[in-house]
Amino acid sequence: MSETFDDSTLTEIAHLICGDETPLLYRKGYEIAAFFERAGWDDVPEYDGTPRHKWTLDLLKERQEDGTNDAERAVLRLANRLEYYNQQREYHATLERLSEVLVLDGRRIDHAEGQPLLVPCEAGFGTDTRQLPRVELKVSVTEVVSDPELASTVQLRLDEARTCYEHGAYTSAVIMLGSLLEGVLVHAAEARASGTRLPKPLRDMGLKDLVDFAHRNKWIEHDAKRETRPEANLDDGDSSVAHSGEALGGGRR
C-alpha cells in the first residue's frame with residue numbers, strides 16, 4: 001500500500017526538492033528529473049521549462065493519484081545521504097525541514113542499516129510529539145559479539161523493542177530487551193568464560209545469574225548491573241522471556 005500525503009505536505013516536499021531557499025540544495029529543472037530517477041521513478045519526463053516548483057508538485061500529485069509509491073520514494077531520496085555528496089550543510093538543513101513537514105502529516109524519517117525509511121508517528125508539531133530515537137550500539141558490534149548473525153539479530157531486537165514502546169506495548173518492550181540482554185550475555189559467557197568457572201551450568205542460568213556473572217568478570221560496570229535490575233523487570237521463571245536459543249538463534253550448552 002502506497003503512502004498518501006496531504007496536498008500541503010506535497011507542496012512542501014516540492015519546495016525541498018527544488019531547494020530555492022538557502023541552505024537547501026538547489027536543483028535545476030533537469031536535475032530535478034534526474035533526482036526522481038535516482039529515487040527509483042520509472043518513465044520520468046524531461047523537464048519542459050515549466051516553473052520548477054509547479055512542475056515538481058504536479059508530478060508528485062500525478063504519481064500519487066496513480067496509486068504509486070513514488071511520492072514516498074521522493075521523500076526517502078530527500079533523506080538519503082547519498083544525495084548530498086560533500087554537502088553536509090544542505091543535507092542537515094533538508095532533513096530538519098523535512099522532519100518538520102512530515103510530522104504534521106503523521107510520519108517521520110527513521111534509519112535502518114544506514115538507509116532512511118518512513119515510519120508513522122503521532123501527528124503534531126515537532127515539539128509536541130514524543131519520538132524515541134533509534135537505539136544504536138555505542139561500540140562496534142564486534143566488540144560485543146563475535147558472531148555476525150547474532151550481531152545483526154541484536155540490532156533487530158533493539159528496533160523491535162523500540163517499535164513495541166512506541167505503540168504502548170511496554171511489557172513487550174521489556175520482554176524483548178530482556179531476551180536480547182540474556183542472549184548477548186550467554187554468548188559472552190560461551191565466548192569469554194574459558195578458564196572461568198560458571199556458578200551453575202549455563203543452561204540453568206537465568207538473566208540475574210548472567211548479569212551477576214558478567215559483573216564479576218568485569219564485562220559490565222556496576223551502574224549497568226544496577227540499572228539492569230532483572231529481578232525488578234522480569235521474572236526469571238517467566239516463560240514469555242525467551243532464552244537466547246529461541247530468541248537470538250543460539251543455543252545453551
Side-chain angles (χ1 to χ4, degrees), residues 1-27 31-42 44 51-85 87-136 155-156 158-169 173:
M1 180 178 179
S2 60
E3 293 282 355
T4 301
F5 298 93
D6 186 82
D7 282 354
S8 61
T9 302
L10 291 179
T11 298
E12 293 302 318
I13 291 171
H15 277 303
L16 291 172
I17 294 172
C18 293
D20 287 326
E21 301 174 13
T22 304
L24 301 177
L25 178 60
Y26 179 85
R27 295 179 179 88
E31 291 174 326
I32 296 173
F35 167 86
F36 286 137
E37 290 177 347
R38 291 193 296 274
W41 285 27
D42 295 324
V44 179
R52 291 161 44 257
H53 181 266
K54 181 181 186 307
W55 187 79
T56 303
L57 180 57
D58 287 348
L59 274 180
L60 289 169
K61 288 183 176 181
E62 178 184 310
R63 295 298 174 111
Q64 180 162 282
E65 290 170 359
D66 288 344
T68 72
N69 64 347
D70 283 352
E72 178 183 352
R73 290 178 177 177
V75 168
L76 294 178
R77 188 65 194 184
L78 274 175
N80 196 321
R81 292 180 178 86
L82 295 177
E83 189 66 22
Y84 306 87
Y85 179 72
Q87 294 169 310
Q88 292 187 23
R89 179 168 172 260
E90 289 83 350
Y91 166 71
H92 290 297
T94 301
L95 193 60
E96 180 179 359
R97 179 58 186 151
L98 182 61
S99 297
E100 294 172 354
V101 170
L102 290 175
V103 74
L104 294 172
D105 210 354
R107 282 97 158 178
R108 64 181 176 84
I109 294 294
D110 200 351
H111 289 82
E113 299 181 357
Q115 295 300 312
L117 65 155
L118 203 57
V119 297
C121 71
E122 181 182 352
F125 293 100
T127 55
D128 297 336
T129 58
R130 180 181 63 182
Q131 298 183 16
L132 186 66
R134 183 172 190 259
V135 181
E136 298 281 359
Q155 184 61 62
L156 176 62
L158 287 172
D159 292 340
E160 291 174 342
R162 187 197 56 176
T163 299
C164 290
Y165 177 88
E166 289 180 339
H167 288 82

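Keep in mind the model is a prediction, meaning the values are calculated, not measured. The first residue of the sequence shown is numbered 1, and numbering continues consecutively from there.
Separating the NE2 atom in His92 from the CD atom in Gln87 is a distance of 12.0 Å, to the nearest 0.5 Å. Separating the OG1 atom in Thr94 from the CG atom in Leu16 is a distance of 6.0 Å, to the nearest 0.5 Å. The CD atom of Glu65 sits 9.5 Å away from the CG atom of Asp58 when rounded to the nearest 0.5 Å. For the atom pair OG1 (Thr4) and CG (Asp7), the distance works out to 10.5 Å, reported to the nearest 0.5 Å. Atoms CG and CD1, on Leu24 and Ile17 in that order, are 11.5 Å from each other to the nearest 0.5 Å. The structure places CG of Leu95 at 10.5 Å from CD of Glu100, a figure rounded to the nearest 0.5 Å.
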Under 3.5 Å donor-acceptor pairs involving side-chain atoms of residues 74-82, not counting sequence neighbours:
residue : atom : partner : partner atom : Å
Arg77   : NE   : Glu83   : OE1          : 2.6
Arg77   : NH2  : Glu83   : OE1          : 3.1
Asn80   : OD1  : Leu82   : N            : 2.9

Between Ile32 and Leu59, is a side chain to side chain contact (heavy atoms under 4.5 Å, CB included) present by the stated rule, with each step listed? CA-CA 11 Å; Ile32 296 173; Leu59 274 180; over 6 Å; no
Evaluate Leu118 against Leu102 for side chain to side chain contact (heavy atoms under 4.5 Å, CB included), listing each step before the verdict. CA-CA 9 Å; Leu118 203 57; Leu102 290 175; 3.8 Å; yes
Begin from the C-alpha positions of Thr9 and Leu104 and carry the test side chain to side chain contact (heavy atoms under 4.5 Å, CB included) through to its verdict. CA-CA 8 Å; Thr9 302; Leu104 294 172; 5.9 Å; no
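Salt-bridge annotation for Arg73 and Asp70: present, with a side-chain N of the basic residue lying under 4.0 Å from a carboxylate O of the acidic one.
Nearest heavy atoms, Cys121 versus Val103: SG-CG2, 3.9 Å. Residues Glu90 and Pro23 approach most closely at CG-O, 3.1 Å, considering heavy atoms. The shortest heavy-atom contact between Glu37 and Val44 is CG-CG2, 3.7 Å.
The aromatic rings of Trp41 and Phe36 sit parallel to each other, their planes meeting at less than 30°, with 60° as the upper class boundary.
For Glu21, the CD atom is loosely surrounded, since the number of other residues' heavy atoms within 6.0 Å does not exceed 12.
Looking at Glu12 and Arg97, their side chains come closer than 4.5 Å, going by heavy atoms from C-beta outward. Considering only heavy atoms from C-beta on, Ile109 stays 4.5 Å or farther from Leu117 through its side chain.
The backbone N or O of Ala34 lies less than 3.5 Å from no partner atom in the side chain of Arg27, so there is not a single donor-acceptor pair. Put simply, the side chain of Thr56 never gets that close to the backbone of Ala14: no donor and acceptor are under 3.5 Å apart. Between the side chain of Asp6 and the backbone N or O of Ser8, at least one donor-acceptor pair lies under 3.5 Å. Under a 3.5 Å cut-off, the side chain of Gln64 and the backbone N or O of Phe5 do form a donor-acceptor pair.
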